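Predicted, not measured: the structure shown is a model, and the values here were computed from it. Whatever order the structure lists them in is the order used to number ligands and atoms, beginning at 1.
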Amino acid sequence: MTKKSSLNPKTTKFEFGGVLGTMVMTVALPILSVILNQMIRPDYHIEGCFRNFDWNRVTQGLQPVSGLISNTRTWTYYILWFLSLLFFDTVLPGKWMQGITLRDGSSLWYKINGISVVAMLSLILAVRWKLTDGLMPELQYLYSHQVELCVVSIIFAFILACYCYVVSFIPLLFNKTNKEGTKEKILAVGGNSGNIIYDWFIGRELNPRIGPIDIKMFCELRPGMMLWLLINLSCLHNYYLEYDGKINDALLLINLLQGFYILDGVLNEEGVLSMMDITTDGFGFMLAFGDLTFVPFTYSLQARYLSVSPIHLGYVKFFSILSLMCLGYWIFHSSNSQKSKFRQGKLSHLKSIQTKRGTKLLCDGWWAKSQHMNYFGDWLISLSWCLTTWFQTPLTYYYSLYFATLLLHRQQRDEEKCHEKYGKDWEEYQRKVPYKIIPYVY
Ligand code: NDP
């Protein structure tokens, strides 16, 4: 008889509408990503608003998608991209940092080398610019084959999620054992229900790894985020070629705003180590698809829209949008860093609640204004990006709407987790800081 696992309790609470909900999301989200791509393409897009919406054009555009599985060039480019980043991640220098303590008392080490990877990519781009006299054929390929690449990334995410699901059943290899002395891998609390579809979607294993590469951390910060940056750059580059070296101010602005956000995330990547995605979620289709497809191919929608429908912002709009981004970033960055410094034992003069679990809950500074001021700042940033397309189309505002839903869902998950973890101390914190995200509103 097998011993009942104390390390990996069975998942009893289902999220996202359970098995049915995850099945719907598995089908609907990839279709949504492809349709969003179809709606803004260099060869056509839906003019201005939805008034000229022609469903036939979208479905016609979807037809080549069926032939994509055999499109070797697109596959070669995508796999080369993924493998090159894996190679850079492995060989380029960086510092090693310890992740949070896991359920068995152990912790994992992560290589933090975002700066080296960004420097290497910049060098490659600069050399390519010089060698091709600014023509950059690979950037042009990326610009004109986005639907194909998007579909390839969806299939890739599907395969990666299947791989991670299967290997989660293989016990720890060689002489490795967990701190409990068994060969059992640590599974995600939410991804061990026993239902194949649900666990595959949520992610069964908490930290799947291939040698030194942590698949979850790698996917979170490298192939998707970097591709998002490149797609934006490809839009700017295409405009530059098409308009004989001219630069459009709105397109430049979205490149600056999102480029800054991406580089900030990659250069401060150690911050991810304490985020829910790394500490709590398993790596399944949800994260694989989110990181590899949804981020690069839908977060770049504003730049793509502006590359086919350029608008001139002028100084007033340009600097108003920039100011909104700066305000959002200031709230987002300073609130996150205030909590992080406080948790490191600094800023001890700030008011806090001592919990029975040992840790303190900050209820001063940003953390007195709402329970997640950092989410509010992040949302303002998302709004500034949408505003670069001004009010010419509602399509690009999908991002702010989607991000608000994501943050709201995240806040509810976090509240549930903290309530379970801190009990009465959390209730006291909620009395002291009643607003959840937006002060005096919610
Ligand atoms: P938080 O940074 O808000 O972290 C929540 C955790 O912090 C809680 O679980 C609790 O953990 C601890 N905590 C909560 N309240 C307090 C307090 N008052 N004092 C001290 N500790 C507290 O959330 P996330 O990890 O979800 O997000 C981090 C950042 O990442 C946010 O700025 C968010 O906007 C951003 N983000 C961006 C995404 C994107 O796609 N662009 C996606 C998701 C997040 P503990 O158990 O340690 O007490």
Side-chain angles (χ1 to χ4, degrees), residues 99-103 189 219-221 224-225 228 257-258 260-262 264-266 268-281 286-287 289-291 293-296 298-299 328-348 350-385 399-400 402-423 425-438:
I100 61 146
T101 308
L102 301 170
R103 282 205 301 284
V189 175
C219 288
E220 190 101 338
L221 292 163
M225 291 278 269
W228 174 18
L257 300 185
Q258 294 193 334
F260 174 78
Y261 186 85
I262 296 167
D264 181 63
V266 174
N268 296 305
E269 60 190 339
E270 52 266 49
V272 173
L273 297 182
S274 59
M275 269 171 66
M276 201 188 283
D277 312 38
I278 299 293
T279 61
T280 317
D281 294 335
M286 178 176 72
L287 274 186
F289 168 78
D291 293 341
T293 305
F294 212 67
V295 168
T298 74
Y299 286 25
Y329 182 76
W330 175 56
I331 299 175
F332 160 80
H333 190 264
S334 52
S335 54
N336 276 327
S337 109
Q338 195 174 48
K339 174 158 73 76
S340 162
K341 281 186 187 149
F342 177 78
R343 277 285 165 95
Q344 288 163 28
K346 301 168 191 166
L347 308 179
S348 51
L350 295 178
K351 279 187 235 146
S352 62
I353 296 171
Q354 175 65 56
T355 69
K356 290 188 189 65
R357 299 260 321 198
T359 43
K360 286 179 178 172
L361 289 171
L362 183 59
C363 43
D364 205 347
W366 287 114
W367 299 84
K369 304 209 180 319
S370 83
Q371 293 164 21
H372 285 283
M373 270 308 273
N374 49 352
Y375 288 6
F376 182 46
D378 216 353
W379 186 77
L380 288 180
I381 293 176
S382 79
L383 186 63
S384 74
W385 297 347
Y399 179 68
S400 259
Y402 150 79
F403 199 50
T405 319
L406 181 144
L407 292 176
L408 204 65
H409 178 248
R410 219 177 158 87
Q411 172 266 317
Q412 284 160 359
R413 278 179 82 195
D414 195 56
E415 183 171 298
E416 209 177 295
K417 181 202 105 176
C418 288
H419 199 258
E420 228 165 69
K421 187 171 173 184
Y422 295 116
D425 295 322
W426 184 255
E427 285 165 20
E428 187 192 339
Y429 172 67
Q430 284 183 309
R431 273 193 297 277
K432 285 202 164 139
V433 185
Y435 297 105
K436 296 186 192 301
I437 299 178
I438 310 177

For [X] and [Y], which I'm curious about, is there any donor-acceptor pair between the side chains at under 3.5 Å?
| X | Y | answer |
| --- | --- | --- |
| E415 | Q411 | yes |
| Q338 | S334 | no |
| Y375 | S370 | no |

W367 ring center near F342 ring center (under 6.0 Å): no
Could you pull out every protein residue that has a heavy atom closer than 4.0 Å to ligand 1, ordered by chain and then number?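 Ligand 1 pocket, heavy atoms under 4.0 Å: Y261, M275, M276, Y299, F332, N336, K339, R343, K360, L361, L362, W367, H372, N374, Y375, D378, F403, L406, R410, D414, K417, C418, K421, Y422, Y429.
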Using a strict threshold of under 4.0 Å (side-chain N to carboxylate O), is an ion pair present between K432 and E428?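 Yes.
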Using 4.0 Å as the upper bound for N to carboxylate O, is an ion pair formed by D281 and R413? yes
